[in-house]
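Single-structure report; data block below.
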Amino acid sequence: MAGNDWLNGYLEAILDAGSCTRKMNDGKVKIAKFEEQVKEEKMFSPTRYFVEEVVNSFDESDLHRTWVKVIATRNTRERSNRLENMCWRIWHLARKKKQIAWDDAQRLAKRRLEREQGRHDADDDLSELSEGEKEKEGEKEKGEPLVKDILRTKSDIRIWSDDIDKSRHLYIVLISIHGLIRGENMELGRDSDTGGQVKYVVELARALANTKGVYRVDLLTRQITSPEVDSSYGEPNEMLICPPDGSGSCGAYIVRIPCGPRDKYIPKESLWPHIPEFVDGALGHIVNMARALGEEVNGGRPTWPYVIHGHYADGGEVAAHLSGALNVPMVLTGHSLGRNKFEQLLKQGRLSKGDINATYKIMKRIEAEELGLDSAEMVVTSTRQEIEEQWGLYDGFDLKLERKLRVRRRRGVSCLGRYMPRMVVIPPGMDFSYVIAQDTEGDGDLKSLIGSDRGQNKRHLPPIWSEVMRFFTNPHKPTILALSRPDPKKNVTTLLKAFGECQALRELANLTLILGNRDDIEEMSNSSSVVLTTVLKLIDKYDLYGHVAYPKHHKQSDVPDIYRLAAKTKGVFINPALVEPFGLTIIEAAAYGLPVVATKNGGPVDILKALNNGLLVDPHDQKAIEDALLKLVGDKNLWLECRKNGLKNIHRFSWTEHCRNYLSHVEHSRHRHPTTRFQIMPIPEEPLSDSLKDVEDLSLRFSVEGDFKHNGELDAATRQRELIEAITRMASSNSSTGVNYGPGRRQRLFVIAIDCYDQNGDDAQIFQETLMSVKKAASVGNGEGRVGFVLLTGSSLQETIKSFKGCQVNIEDFDALVCKSGSEMYYPWRDLAADADYEIHIEYRWPGENVRSMVPRLATLEVGAEDDIMEYAGSSSSRCYSYNVKPGAKTRRVDDLRQRLRMRGFRCNLVYTRIASRLNVVPLVASRIQALRYLSVRWGIDLSKVVMFVGEKGDTDYEDLLAGLHKTLVLRSLVEYGSEKLFHGEDSFKKRCSPTR
């Protein structure tokens with residue numbers, strides 16, 4: 001009902017509160033008590049009745065009968081429209097919640113079975129060793145426990161040492177796309193995208209740049225020139241740290257890459273279509289920087305990144321593509337994970353799967369995280385809980401399988417093509433330089449604040465101290481400090497109840513609640529206003545005036561002073577959150593000498609184990625919270641011991657320690673290195689008139705959703721002719737001469753990726769006509785050899801050569817042929833020689849023969865129909881297994897099949913080609929778009945100088961070809977049949993590509 005949104009929220013809160021109400025032995029609520037309640041009470045309370053008697057039952061008939069009974073009372077009482085609406089809404093909410101819960105349970109059960117089957121298949125394969133492997137196993141087995149008994153494996157990680165590593169010149173790339181990132185005056189909390197991650201990546205970049213052996217750190221983010229935000233976010237570069245002379249470092253920088261709408265600040269959920277553009281821009285920057293750094297410190301050879309570190313799902317996807325294009329190690333930090341959020345939202349029962357995906361683009365986020373797991377050498381987590389309870393939800397990670405594979409690698413036993421990334425717990429670092437070690441016995445500042453002469457002496461004291469102390473009747477008592485957002489998950493109300501109901505605790509201590517900033521509670525978000533309103537009501541209920549401080553405002557710069565005040569009063573810090581992913585405030589409190597009481601759910605377990613400065617409690621157990629606080633506040637010896645332990649061990653969470661652990665683990669995980677044979681060829685500069693900006697005028701923009709922009713109502717032939725004329729006009733002004741152009745030394749590339757097949761999956765005649773049209777467009781007015789041609793296809797080399805027969809365009813006119821969906825590269829100008837470097841470049845993590853027989857078994861939807869997918873020897877090779885799909889066969893979509901391979905530890909790229917009559921299984925880093933990026937690096941040509949010709953349909957990697965820095969031209973009415981029916985499964989995502997520019 002319009003205008004009643006508050007009622008919906010109220011009723012949903014009632015539904016959630018239902019789990020706390022009293023039930024009968026059989027789990028059913030006794031509805032008959034309704035009549036007794038009416039008799040006993042003078043006034044009927046709808047809220048009490050629904051909370052206590054209705055909400056726990058999800059039986060629709062019971063709810064409906066209850067509604068009928070309530071309506072029947074209107075003859076004896078004044079009719080309550082609100083009550084009637086409440087009944088209906090509760091009924092419908094219960095139905096919706098029940099259906100969502102049922103669907104979620106079915107989905108989870110199905111997925112659990114699939115994962116168990118995947119683990120079972122992997123265990124079966126890994127338990128069968130070859131004779132040679134058995135010998136190795138036998139030699140090393142003596143004295144070693146069985147794999148199933150191993151809880152952890154010994155590590156031979158070499159600790160990063162300043163003395164050993166100061167002579168190195170490492171280049172490190174960090175990627176964090178969303179939010180507003182700058183080095184000074186960070187606008188933390190400005191929006192949901194500008195929070196702790198922003199602070200973390202900036203401080204990490206600075207700390208790494210201060211580490212011996214690190215020469216340069218680049219933090220890549222999105223450039224934003226919107227009038228909505230400060231102009232500093234539009235600056236291409238920002239220095240984070242200027243190293244002193246003689247330090248052997250050139251510092252840390254924020255590098256802002258243009259991506260998406262230039263004049264608009266958009267949330268992270270809207271950034272997904274622009275990721276390819278960011279990848280291409282970042283690739284160009286890294287290549288240029290590698291060349292420049294190589295001139296400085298590497299004798300002219302490119303200095304490739306030591307590691308590329310992606311943050312969050314979007315940064316992880318970018319890092320995965322860059323890592324594959326450059327063949328350098330990748331590290332991933334999730335910060336918060338999409339699958340965990342997805343499961344939590346489903347459990348709430350308020351949004352369906354479709355609603356969640358529409359709001360949060362959650363499926364795209366999850367797939368980006370899965371891609372990050374595919375590509376990462378190492379995943380950095382804050383706590384062990386994050387590994388077991390969050391990353392453990394993903395198809396691409398299984399803790400037991402990862403441990404088994406790690407043991408096999410250490411023993412020199414084959415992993416049979418399976419791979420799991422290494423999970424490493426490295427807590428975020430902190431800057432303790434501003435923390436002043438103080439003796440708590442020296443509380444002169446505090447006495448001057450609360451003494452008789454405090455009006456004269458408080459001028460030199462922090463203003464926030466006076467703001468807090470004004471709430472207390474007796475400010476001499478120790479302060480229990482809680483600092484968090486006003487979020488229900490932070491569980492502040494349980495803390496307040498524990499304090500209010502424990503007289504001994506109230507007599508011993510005061511309570512300070514720092515719950516964000518507020519002007520008017522009613523203008524705050526619903527969840528925040530509910531928490532703050534509840535806090536005020538509880539203070540009034542327990543008459544805690546004079547015992548509880550709850551200031552309305554504080555600055556970020558006040559937070560250290562708040563900790564200092566609590567420490568001077570010999571107080572305690574408490575974090576009672578229901579679940580705390582990490583617990584940064586616990587570390588901050590320890591740095592100021594505050595003992596802590598913290599939730600036992602999440603990161604605080606690891607933190608308190610390291611610091612040994614407090615107690616863990618069950619956040620749901622109010623009595624446990626009371627006892628822990630009484631113990632720390634009342635036992636001064638225990639308080640001093642916890643304080644000393646915290647201050648002694650706090651260095652474990654410093655940025656220096658973080659970087660030392662980080663670089664040590666990265667060094668240990670570096671199983672691959674940059675392709676050192678990359679020779680970046682200098683490309684002759686061209687006049688500005690040669691740029692491809694005129695392609696914009698072709699108006700052949702597109703999106704995957706089908707919103708194609710037509711050139712009027714012209715037929716296909718006329719549109720194609722106009723396209724040729726436009727490209728000819730664009731190039732006609734080129735007249736520079738005297739430059740020797742040739743393959744690998746072009747000013748621009750025309751890339752043909754048109755998948756033209758007839759209804760039988762054979763090459764269509766129109767393919768040759770298109771080749772001639774594009775060749776003609778390039779030859780007019782361009783000068784000799786200025787434009788090169790590249791063909792991207794899912795066909796084999798033999799099939800490609802056959803498709804050129806009878807064509808007026810010679811295959812030798814092409815600079816490169818990329819065949820079999822990006823798994824092979826040939827150079828016609830070198831007698832069709834294969835690129836051996838490219839073969840090495842893409843082989844990393846390729847399972848090879850181990851996946852060969854697995855694909856037909858997993859790809860079929862029907863049991864016993866393995867013959868529907870048969871390997872095609874004529875197109876298979878060492879880097880590509882091709883399978884023919886029988887007409888009418890029911891096969892899994894690309895994402896469904898990839899999911900099942902991930903569950904078994906296999907990392908591959910899958911492409912249906914020839915109108916889904918063939919399946920190509922290729923290495924993870926092999927694809928047509930990645931092959932183009934490889935050529936751009938090798939030939940030193942900017943991707944903005946590339947024109948991609950595609951049809952309206954294509955192979956299942958078609959979407960990957962659309963977006964990026966290259967100009968994409970969609971030629972209409974050329975491709976009649978495609979493989980789009982096997983693009984994505986129902987639970988997957990669809991990419992949203994931005995229009996070409």
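Quick note: residue numbers are just sequence positions, from 1.
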When you look at W304 and V287, which way does the side-chain contact (heavy atoms from CB on, under 4.5 Å) test go after all the steps?
CA-CA 8 Å; W304 300 109; V287 170; 4.2 Å; yes

Show your working on salt bridge (charged side-chain N to carboxylate O under 4.0 Å, His left out) between R898 and D374 and close with a plain yes or no.
CA-CA 11 Å; R898 184 187 293 118; D374 288 342; 5.5 Å; no

Under the side-chain contact (heavy atoms from CB on, under 4.5 Å) criterion, do Q768 and V809 qualify, and how do the steps go?
CA-CA 8 Å; Q768 295 187 1; V809 177; over 6 Å; no

Residues K953, D755; criterion salt bridge (charged side-chain N to carboxylate O under 4.0 Å, His left out); working and verdict:
CA-CA 8 Å; K953 301 177 181 179; D755 307 315; over 6 Å; no

Given salt bridge (charged side-chain N to carboxylate O under 4.0 Å, His left out), test E369 with R365 step by step and report yes or no.
CA-CA 6 Å; E369 290 161 342; R365 176 177 169 184; 3.6 Å; yes

As a quick check of understanding, evaluate side-chain contact (heavy atoms from CB on, under 4.5 Å) for T913 and Y757, giving each step before the final call.
CA-CA 9 Å; T913 184; Y757 307 110; 3.6 Å; yes

Check step by step if salt bridge (charged side-chain N to carboxylate O under 4.0 Å, His left out) holds for D763 and R914.
CA-CA 8 Å; D763 294 315; R914 293 183 171 268; 3.5 Å; yes

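The one candidate from E843, E824, E839 that meets the side chain to side chain donor-acceptor pair (under 3.5 Å) condition with R879 is E843.
Proximity of a side-chain donor or acceptor of K967 to a complementary backbone N or O of S944 within less than 3.5 Å is detected. Panel note: side chain S882, backbone N920; no donor-acceptor pair is recorded below 3.5 Å. A donor-acceptor pair under 3.5 Å links the side-chain atoms of D758 to the main chain of N760, judged by distance alone. In this structure a side-chain-to-backbone donor-acceptor pair under 3.5 Å is missing from S323 to A320. Under a 3.5 Å cut-off, the side chain of D960 and the backbone N or O of I929 do not form any donor-acceptor pair.
Pairing each heavy atom of Y838 with each of A926, the nearest pair is OH-CA, 4.4 Å. In this structure, I224 and K264 approach most closely via the heavy-atom pair CG2-O, 4.3 Å. Taking both residues in full, the closest heavy atoms of V922 and S821 are given as CG2-O, 4.4 Å, listed atom of the first, atom of the second, then distance. G260 and R222 get closest at one heavy-atom pair: C-NH2, 4.2 Å. In plain terms, the two heavy atoms of L771 and C807 that are nearest each other are CD1-SG, 4.3 Å. Closest heavy-atom contact between E317 and I275: OE2-CG2, 3.7 Å.
More than 12 heavy-atom neighbours from other residues, nucleotides or ligands sit within 6.0 angstrom of CZ on R852. Within 6.0 Å of CD in E812 there are more than 12 heavy atoms belonging to other residues, nucleotides or ligands.
Side-chain polar atoms of D835 and H841 form no donor-acceptor pair below 3.5 angstrom. With hydrogens and angles left out, the side-chain atoms of R902 and Q899 include no donor and acceptor closer than 3.5 Å.
F814 and F804 have perpendicular rings, their planes meeting at more than 60° on a 0 to 90° scale where under 30° would count as parallel.
Ion pair D314/K268 not flagged as a salt bridge, since none of the NZ, NE, NH1 or NH2 atoms sits closer than 4.0 Å to an Asp/Glu carboxylate oxygen.
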